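Just so it is clear: chains get the letters A, B, ... in the order the sequence lines come, proteins before strands, and each one is counted from 1. It should be emphasised that the depicted structure is a prediction, and the values quoted were computed from it without experimental measurement.
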Amino acid sequence: MTMRDCETVRAAAMARMDGESAALTEAAVDEHVVGCAGCGEALAGLQLSLEGAQRPVVAVDLWPAVEVRIAALRARRGKLWPVVLGLALLYKLAELRPELGLGLGLKLLVIAATAAIFASLRANPFALPNALCED
Amino acid sequence: MDDATHIRRSQAGEHASFRALVERHQRLAYVHALAIVANVDDARDAVQEAFIDVYRALDRFDPERKFYPWFYVLLRNRCFKLLAGHKRRATVDLPEGLLAAYSGPDGDARTLHRALLELPAEQREMILLKHLDGLTYGELAERLEIPAGTVMSRLFHARARLRALLEAK
C-alpha cells in the first residue's frame, strides 16, 4: 500500500462517517484496513464523541464600539474630502492653463496623492454622499 | 426583515439597518472568533474590525448573496491577522474566563473543551464548524475558501490531533 492509498482510504472512511459521499466503497475501505495496521489505528479513534461540546453562552453587544469606529471613519473621510476636491481642481487647472507651467510633474503628483488617499481609505472617497450614518 | 433588505437599506445610507445587521450577527461572529483566537479580547477586536470591513466594502456587496459566509471570510482574516500579530502568545495559556465560557455541565465536557482550546487555531476552527455548526464538506470548503479535498485532509488531521490531546489528559 502506498501512502496515497492510505490517505484516500482514510478520507473515504471519514466521509462515510460524516454522511458525505465517499470516493471508495465500504468494502474497498474494509479490504484495505484489514491489511494496514496504520489505517486501522488511525480510523479507530476517528469516531470522536463531541457530545459535551457546546457553543459558549455569551452575551455581547459590540454595536457601541462599532458605531464609534464608524463615526471616526466617517470623520476621517470628511476631512479628506476637501483634499481630494482640491487635488482634482489642481489637476484640471494644470490641464486648462498650460501657460502656468504646472506641467506633467504636478499632474503625476496629483494622481499619486489621489491614489494614496484611495488606498488609505480602502474605499472610493467619491462615494461619500452615499455613506452610511446619516442619522 | 432579512439580511438582504438590511443590506440594501444600509447601502442606501440607513444607519439603523446597519446596526440591525451587526446586532443580528455579532453573537455568532463572536463565538466563531473565539473559536479561532481563543482569547476574549482578541475575539471582540476581530469582530469589531470585521464589521468595519463590512462597512467599508458594503457598497460592493451583492445583497442577493448570503451575508454571513461572506462576512465569515472577513472575520477569519481579521482573526488570523491578530494571531499573526502576537505569535508569542501560546494557545495553551488559556484565560480562565474563556474556559468558563466554554465549560459544560460536567467534567468530561470541560476536558473536551480544554483539549479543543489546545488545538492550533485552524484545527479548532475546523472541528467547531463541523461539529457545532454542522457544516458539510461543501459548506466548509466554501466558508474556508479551500478545495473539498483539503477540507477532508485538514478535518482528518484535526480529529487525530484532538484524539491525541484527549488521550493525553
Item to complete: Apply side chain to side chain contact (heavy atoms under 4.5 Å, CB included) to the pair A:Ile70 and B:Phe18, showing each step before the final yes or no.
Response: CA-CA 11 Å; A:Ile70 288 175; B:Phe18 191 71; 3.3 Å; yes

Fill in: Proximal component of B:Gln26, with respect to chain A [non-hydrogen, under 4.5 Å]
both

Worksheet item: Is it the backbone or the side chain of B:Tyr30 that comes under 4.5 Å from a heavy atom of chain A, or both, or neither?
Response: side chain

Practice prompt. Below 4.5 Å from any heavy atom of chain B, which atoms of A:Ala42 appear? Answer side chain, backbone, both or neither.
Written response: both

Discussion item. Test your reading of the model: is there a side-chain donor-acceptor pair from A:Glu20 to the backbone of B:Tyr137, 3.5 Å cut-off?
Written reply: yes

Worksheet item: Any chain of hydrophobic side-chain contacts (each under 4.5 Å) joining B:Tyr68 to B:Ile36?
Response: yes

Worksheet entry | Atom pair CZ (B:Phe51) and CZ (A:Arg69), whose distance is rounded to the nearest 0.5 Å | 13.0 Å

Item to complete: Identify the residues of residues 141-155 of chain B whose heavy atoms come closer than 4.5 Å to a heavy atom of chain A, ordered by number, or report 'none'.
Response: B:Met152, B:Leu155

Worksheet item: If you take all heavy atoms of B:Arg163 and A:Glu41, which pair is closest and at what distance?
Response: NH1-O, 3.1 Å

Worksheet item: When hydrophobic residues are tied together by side-chain contacts of less than 4.5 Å, even through go-betweens, does A:Val68 share a cluster with B:Tyr55?
Response: no

Practice prompt. With the side chain counted from C-beta on, respond yes when B:Phe156 and A:Leu43 share a heavy-atom pair under 4.5 Å apart, and no when they do not.
Written response: yes

Worksheet, complete the sentence: Heavy atoms of A:Val66 and B:Ile52 approach each other most closely as O-CD1, 3.8 Å

Discussion item. Nearest 0.5 angstrom please: A:Met14 CE to B:Lys130 NZ, how far?
Written reply: 8.5 Å

Worksheet entry | Co-membership, hydrophobic cluster, residues B:Val73 and B:Phe67, 4.5 Å side-chain | no

